[in-house]
Amino acid sequence: NAGVTQTPKFRILKIGQSMTLQCAQDMNHNYMYWYRQDPGMGLKLIYYSVGAGITDKGEVPNGYNVSRSTTEDFPLRLELAAPSQTSVYFCASIGVGSGRQNEQFFGPGTRLTVL
Amino acid sequence: AQSVTQPDIHITVSEGASLELRCNYSYGATPYLFWYVQSPGQGLQLLLKYFSGDTLVQGIKGFEAEFKRSQSSFNLRKPSVHWSDAAEYFCAVGAFLGQFYFGTGTSLTVIP
């Protein structure tokens, strides 16, 4: 299994541009999460999903959108990039009833800079 | 409101010395508690978790943590630190499969 994969690894955007951060998992996990990590800070939850077609806001959802059309994929959309969105973005998933219940598996992260 | 506090931003210990990283939480219900480790440029790896039962939990890499409900704490310990333990450590609290709240992290430096 590849686990949780994220693309791209790095990206520089100009203010006002849009982009989609991709996240995929091949572990058949129902629960998926998007976090941002700012320097010297912990992870802040942006959005999460408990299954295909179901998403909900986390602590810091403003400026972002998500969709979950399949179990495997959970893309994060930035519509109008702002410098405040410069951060490292992590995707995570949780498997239920797998013997490692409630352990979040994290992707390697996407480092985004908005100039 | 739910929150996690890690009072120590940075800790330096000598290799072979013992380690304790502090974590205090605020949560309205029975907490699910986690400790994660993050190496530079990497994602987070689970060290250990507490859901219920024995308040002393064992994790990977020789780490353990003790849940103290009366103090709302979940401190991470290791009896003898290795140079490879240098990393960022995060405490987190979560509802069952719901939202998770992370502390701001403690950066550990290990001196040879």
Side-chain angles (χ1 to χ4, degrees), chain A residues 2-7 9-10 21 23-25 27 29-51 54-61 66 87-111, chain B residues 1-10 21-27 30-53 57 59-60 63 65 74 76 87-108:
Chain A
V4 180
T5 57
Q6 293 182 238
T7 56
K9 285 185 168 53
F10 304 93
L21 282 65
C23 174
Q25 52 87 14
M27 298 173 283
H29 288 174
N30 280 334
Y31 296 77
M32 296 187 73
Y33 302 78
W34 272 107
Y35 294 92
R36 59 177 288 171
Q37 183 181 30
D38 299 326
M41 303 295 290
L43 278 68
K44 297 289 187 183
L45 182 63
I46 305 172
Y47 271 96
Y48 67 105
S49 169
V50 299
I54 306 170
T55 62
D56 206 350
K57 296 178 180 178
E59 287 183 87
V60 290
V66 294
S87 189
V88 180
Y89 292 84
F90 288 101
C91 180
S93 70
I94 286 179
V96 179
S98 65
R100 303 181 73 177
Q101 191 169 353
N102 299 113
E103 174 182 352
Q104 292 191 67
F105 291 84
F106 283 83
T110 294
R111 186 174 297 274
Chain B
Q2 297 86 351
S3 66
V4 177
T5 302
Q6 292 181 247
D8 304 304
I9 296 173
H10 186 247
L21 303 182
R22 295 182 290 166
C23 173
N24 293 97
Y25 67 90
S26 174
Y27 192 71
T30 300
Y32 294 83
L33 296 161
F34 307 82
W35 273 101
Y36 286 85
V37 60
Q38 183 182 33
S39 298
Q42 302 296 313
L44 277 69
Q45 180 185 20
L46 181 69
L47 284 176
L48 48 77
K49 60 187 179 184
Y50 171 80
F51 291 162
S52 63
V57 295
I60 62 172
F63 285 93
F74 188 56
L76 182 72
E88 190 87 15
Y89 291 81
F90 293 95
C91 181
V93 62
F96 184 73
L97 296 174
Q99 295 200 27
F100 289 79
Y101 298 88
F102 284 79
T104 51
T106 298
S107 177
L108 175 65

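Computation of the quantities below employed the complete heavy-atom set of this structure, encompassing side-chain atoms and omitting hydrogens, waters and symmetry-equivalent molecules. Bear in mind that the values here come from a model prediction, so they are computed numbers and not experimental data.
Using a 4.5 Å cut-off between heavy atoms, A/Leu45 touches chain B through its side chain atoms alone. Residue A/Gln6 does not touch chain B at all, counting heavy-atom pairs closer than 4.5 Å. In this structure, no portion of B/Glu88 lies under 4.5 Å from any heavy atom of chain A. Neither the backbone nor the side chain of A/Lys9 has a heavy atom closer than 4.5 Å to any heavy atom of chain B.
A/Gln104 has its side chain out of reach of B/Phe34: every pair of non-hydrogen atoms, C-beta onward, lies at least 4.5 Å apart. No side-chain heavy atom of B/Val4 sits less than 4.5 Å from a side-chain heavy atom of B/Phe100.
Heavy-atom pairs under 4.5 Å with chain B peak, among A/Gly42, A/Gly109, A/Cys91, at A/Gly42.
For B/Tyr25, there are no ring-ring contact (aromatic ring centres under 6.0 Å, His included) partners two or more places apart in sequence or in a different chain.
Side-chain rings of B/Phe63 and B/Tyr89 approach one another, their centers coming within less than 6.0 Å.
Here CZ of A/Phe106 is found 4.5 Å from CG of B/Leu44. Values are rounded to the nearest 0.5 Å.
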